[in-house]
Amino acid sequence: MDDIPTQAIKHKKDSSMVVGFNMLKQEQGDVFISAGNSGALLTRSYFTCRKNKRGR
């Protein structure tokens, strides 16, 4: 839990958080809840939602 948020989402490609957000991006789910690094969760959700909004 001491990871820097941007490094956690860039370098841990097989983490549950990255996998979960990729599933949201592919519309394989509706929500994502995590008890992990809240900074990484916020950062990843911002980039995922921003990209989805632009694409629609």
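All residue numbers refer to positions in the sequence shown, counting from 1. This structure is a prediction, so every number in the text was calculated from the model and none was measured.
- Counting all heavy atoms, side chain and backbone alike, Leu42 lies closest to Ser45 at O-OG, 2.9 Å.
- Residues that satisfy the side-chain contact (heavy atoms from CB on, under 4.5 Å) test with Ser15, not counting sequence neighbours, are Lys12, Met17, Val18.
- Of all the heavy atoms in Val31 and Leu24, the pair that sits closest is N-CD2, 3.6 Å.
- Through side-chain heavy atoms spaced under 4.5 Å, either directly or across other Ile, Leu, Val, Met, Phe, Trp or Tyr residues, Val19 is tied to Met23.
- No donor-acceptor contact under 3.5 angstrom links the side chains of Asn37 and Arg44, judged on distance only.
- Applying the ring-ring contact (aromatic ring centres under 6.0 Å, His included) test to pairs two or more places apart or on separate chains, those with a residue in residues 13-39 are Phe21-Phe32.
- Hydrophobic cluster of Ile33: no remaining members, since no ILVMFWY side chain lies below 4.5 Å from it.
- Scanning for side-chain contact (heavy atoms from CB on, under 4.5 Å) contacts around Gln26 gives Gln28, with sequence neighbours left out.
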